[in-house]
Amino acid sequence: MKLGFISAILEGWSFEEVIDFASQHGFECVEVACWPDEGSERRYAGVSHIDVAALDDAKARYIMDYCSSRKVEISALAFYPNILDSDPEKSTKNIQHLKKVIDASAKLGVNLVTTFIGRDQNKTVDENLELVSKVWVDIVHYAQDKGVKIAIENCPMLFGPDQWPGGQNLMTTPVIWNKVFDILKSDNIGINYDPSHFVWQMMDYIAPIYEFKDKIFHVHYKDIKLYPEKLRRVGTMAYPLDYMSPKLPGLGDVDWAKYVSALTDIGYKGYTCIEVEDKAFEDSKERIEHSLLLSQKYLQQYVI
């Protein structure tokens with residue numbers, strides 16, 4: 001397994017600065033954020049370290065040569081929007097940009113894109129599965145024709161009032177994964193596995209690793225800390241951030257030894273990336289850098 005990080009936490013950095021930091025500190029890969037350059041409605045989005053819309057052959061060669069010279073690989077190109085947004089204009093724009101990310105991933109020889117399946121938060125699961133069949137079959141075929149795989153992260157995107165009632169990402173449980181994979185019958189659609197989201201949903205985050213071993217294309221390292229005293233007061237129907245917090249790996253409730261052990265059991269040898277969303281480490285550039293290095297130091301006892 002190769003250890004790296006997702007670049008979304010490094011907002012305002014240039015592509016070269018991101019890769020140089022990774023190289024100087026022994027990271028083997030970077031999941032490169034590729035949002036359109038127009039801002040975002042939420043935190044950890046809107047960051048772009050590769051402008052996929054302007055990526056011609058010369059720029060692609062420059063990026064590949066730069067990474068090669070620093071001995072850092074691009075694990076995937078990352079764009080996490082709501083593809084199934086209830087606003088048709090937003091959905092269309094997100095689909096168009098996702099296809100540009102797919103094009104760029106093929107041009108760079110990365111051949112992997114990390115994203116969300118999306119969800120119309122005002123529709124039921126079954127209604128959203130119908131949307132998946134209408135929208136995502138074409139996207140998967142597009143990626144397949146380009147030789148690009150798509151890894152869907154299992155984050156519910158259900159944290160605050162603007163994302164309620166249903167959340168903005170459908171692929172949140174193994175039951176739904178199976179239903180989506182039955183609709184999108186392709187070897188090019190899989191999972192970007194993040195155990196933290198199962199923790200606050202009170203779910204088993206180890207067993208699905210074995211069940212979906214052939215569908216895990218990419219892995220995230222992010223932790224979640226539950227606050228039992230808060231949960232007892234607000235209950236599971238409250239906004240999740242009322243009873244939990246994202247943390248650096250090792251500072252929350254994920255058993256990382258068991259998690260990485262399960263990945264080795266299934267023979268996973270792909271990319272594994274630290275995802276920092278811990279507000280305790282976001283008050284300065286130095287603290288953000290420190291958060292990545294702390295996470296790396298902790299995970300290196302397992303990821304070799």
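Given the structure is predicted, the values throughout are model-derived calculations rather than measurements.
Taking 4.5 Å as the limit, some side-chain heavy atom of Leu3 sits within range of a side-chain heavy atom of Glu28. Using a 4.5 Å heavy-atom cutoff, the side chains of Met244 and Leu231 are not in contact. Counting heavy atoms from C-beta outward, Val276 and Ile288 have side chains that stay 4.5 Å or more apart. Annotation: side chain of His97 is not in contact with side chain of Pro81 (no heavy-atom distance under 4.5 Å). A heavy-atom distance below 4.5 Å is found between the side chains of Val125 and Arg119. Between Tyr193 and Pro208, some side-chain heavy-atom pair lies under the 4.5 Å cut-off. When side chains are defined from C-beta on, Ile74 does not count as touching Val30, because their heavy atoms never get closer than 4.5 Å. In this structure, the side chains of Tyr239 and Val234 stay at 4.5 Å or more apart for every pair of heavy atoms.
Ring pair Trp200/Phe159 is tilted by interplanar angle, where 30° to 60° counts as tilted. Taking the six-membered ring where tryptophan is involved, the planes of Trp35 and Tyr80 are tilted, since the angle between them lies from 30° to 60°. Between Tyr221 and Trp256, the ring planes are perpendicular. Angles over 60° get that label, and only those under 30° would be called parallel.
Note: Cys29 SG to Lys2 NZ = 8.0 Å, rounded to the nearest 0.5 Å. Distance CE/Met157 to CD1/Ile117: 14.5 Å, rounded to 0.5 Å. Atom NE2 of His49 and atom CG of Leu10 lie 5.5 Å apart (nearest 0.5 Å). Interatomic distance, Met203 CE to Thr172 OG1, rounded to the nearest 0.5 Å: 7.0 Å. Here SG of Cys273 is found 4.0 Å from NE2 of His218. Values are rounded to the nearest 0.5 Å. To the nearest 0.5 Å, atoms CG (Leu84) and CZ (Phe116) are separated by 12.5 Å.
Side-chain N or O atoms of Ser105 include none that pairs as donor or acceptor with a backbone N or O of Val101 at under 3.5 Å. In terms of modelled atom types and a separation under 3.5 Å, the side chain of Asn128 and the main chain of Lys123 share a donor-acceptor contact. Between the side chain of Ser91 and the main chain of Ile83, a donor-acceptor pair closer than 3.5 Å is present. Without hydrogens or angle criteria, Gln121 side chain to Asp162 main chain gives a donor-acceptor distance under 3.5 Å. Judged by distance alone, the side chain of Glu289 and the main-chain N or O of Glu286 form no donor-acceptor pair under 3.5 Å. Side-chain N or O atoms of Gln296 include one that pairs as donor or acceptor with a backbone N or O of His25 at under 3.5 Å. A donor-acceptor pair is defined here as one N or O able to donate and one able to accept, closer than 3.5 Å; no such pair exists between the side chain of Tyr268 and the backbone of Ile216. Put simply, the side chain of Ser133 gets close to the backbone of Glu130: a donor and an acceptor are under 3.5 Å apart. In this structure a side-chain-to-backbone donor-acceptor pair under 3.5 Å is missing from Ser86 to Asp120. Between the side chain of Asn188 and the backbone N or O of Val148 there is at least one donor-acceptor pair closer than 3.5 Å.
The pair Asp65-Arg61 meets the salt-bridge criterion, with a side-chain N (NZ, NE, NH1 or NH2) lying under 4.0 Å from an Asp/Glu carboxylate O. Between Lys222 and Glu275 there is a salt bridge, with a side-chain nitrogen of the basic residue lying less than 4.0 Å from a carboxylate oxygen of the acidic one. No salt bridge links Arg233 with Glu229; every basic N to acidic carboxylate O contact stays at or beyond 4.0 Å. Between Asp20 and Arg70, at least one side-chain N (NZ, or NE/NH1/NH2) sits under 4.0 Å from a carboxylate O, which counts as a salt bridge. Salt-bridge check for Lys93 with Asp87: failed, with every basic side-chain N at 4.0 Å or more from each acidic carboxylate O.
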Might you work through the side-chain contact (heavy atoms from CB on, under 4.5 Å) test for Tyr227 and Ser245, ending with a clear yes or no?
CA-CA 8 Å; Tyr227 300 95; Ser245 292; 3.4 Å; yes
Could you please spell out the steps behind the side-chain contact (heavy atoms from CB on, under 4.5 Å) verdict for Lys149 and Asn111?
CA-CA 6 Å; Lys149 291 187 174 184; Asn111 299 322; over 6 Å; no
Walk me through it: do Asp253 and Lys247 pass the test side-chain contact (heavy atoms from CB on, under 4.5 Å)?
CA-CA 9 Å; Asp253 295 326; Lys247 301 298 290 182; over 6 Å; no
Under the criterion side-chain contact (heavy atoms from CB on, under 4.5 Å), I'd like the reasoning laid out for Phe198 against Val254: C-alpha separation, chi angles, the key distance, then a yes or no.
CA-CA 9 Å; Phe198 287 130; Val254 174; over 6 Å; no
Could you go step by step and tell me if Asp103 and Lys146 meet the salt bridge (Lys or Arg N to Asp or Glu O under 4.0 Å) rule?
CA-CA 7 Å; Asp103 291 341; Lys146 299 279 184 176; 3.4 Å; yes
Go through the steps for Lys99 and Asp138 under the test salt bridge (Lys or Arg N to Asp or Glu O under 4.0 Å), then give the verdict.
CA-CA 10 Å; Lys99 287 184 175 180; Asp138 171 69; 2.7 Å; yes
Verify side chain to side chain donor-acceptor pair (under 3.5 Å) between Tyr271 and Asn192, making sure each step is shown before the conclusion.
CA-CA 10 Å; Tyr271 298 107; Asn192 181 18; over 6 Å; no
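No side-chain donor-acceptor contact under 3.5 Å links Asp56 and Tyr62. If you check the side chains of His220 and Glu31, you find a donor sitting under 3.5 Å from an acceptor. Judged purely by distance below 3.5 Å, without hydrogens or angles, the side chains of Asp194 and Ser196 pair a donor atom with an acceptor atom.
Partner of Phe27 under the side chain to side chain contact (heavy atoms under 4.5 Å, CB included) criterion, out of Leu293, Ile19, Val72: Leu293 alone. Applying the side chain to side chain contact (heavy atoms under 4.5 Å, CB included) test between Trp136 and each of Ile150, Val180, Leu170 identifies Ile150 as the sole match.
The minimum heavy-atom distance linking Glu277 with Glu282 is given by the pair C-OE2, 3.6 Å. Nearest heavy atom pair, residue Ala238 against residue Tyr243, reads O-CE2, 4.0 Å. Of all heavy-atom pairs spanning Ile176 and Met171, the tightest one is CG2-CA, 4.2 Å. Minimum heavy-atom separation, Asp278 to Leu248: OD2-N, 3.1 Å.
Enclosure of atom CG in Asp187 is not indicated, since only 12 or fewer non-hydrogen atoms of other residues, nucleotides or ligands lie within 6.0 angstrom. For NZ of Lys215, the number of neighbouring non-hydrogen atoms (other residues, nucleotides, ligands) closer than 6.0 Å is greater than 12.
The hydrophobic cluster containing Tyr210 also contains Ile191, counting ILVMFWY residues as joined when their side-chain heavy atoms lie under 4.5 angstrom apart, directly or transitively. With hydrophobic clusters built from ILVMFWY side chains whose heavy atoms lie under 4.5 angstrom apart, Trp177 shares a cluster with Val199. Hydrophobic clustering of Ile, Leu, Val, Met, Phe, Trp and Tyr side chains at less than 4.5 Å, counting indirect connections, unites Phe21 with Ile50. Cluster membership for Met202 and Ile206, using ILVMFWY side-chain heavy atoms within less than 4.5 angstrom, is shared. Hydrophobic clustering (side-chain heavy atoms under 4.5 Å, transitive across Ile, Leu, Val, Met, Phe, Trp, Tyr) groups Ile266 together with Tyr259.
A ring-centre distance under 6.0 Å is not found for Trp13 and Phe5.
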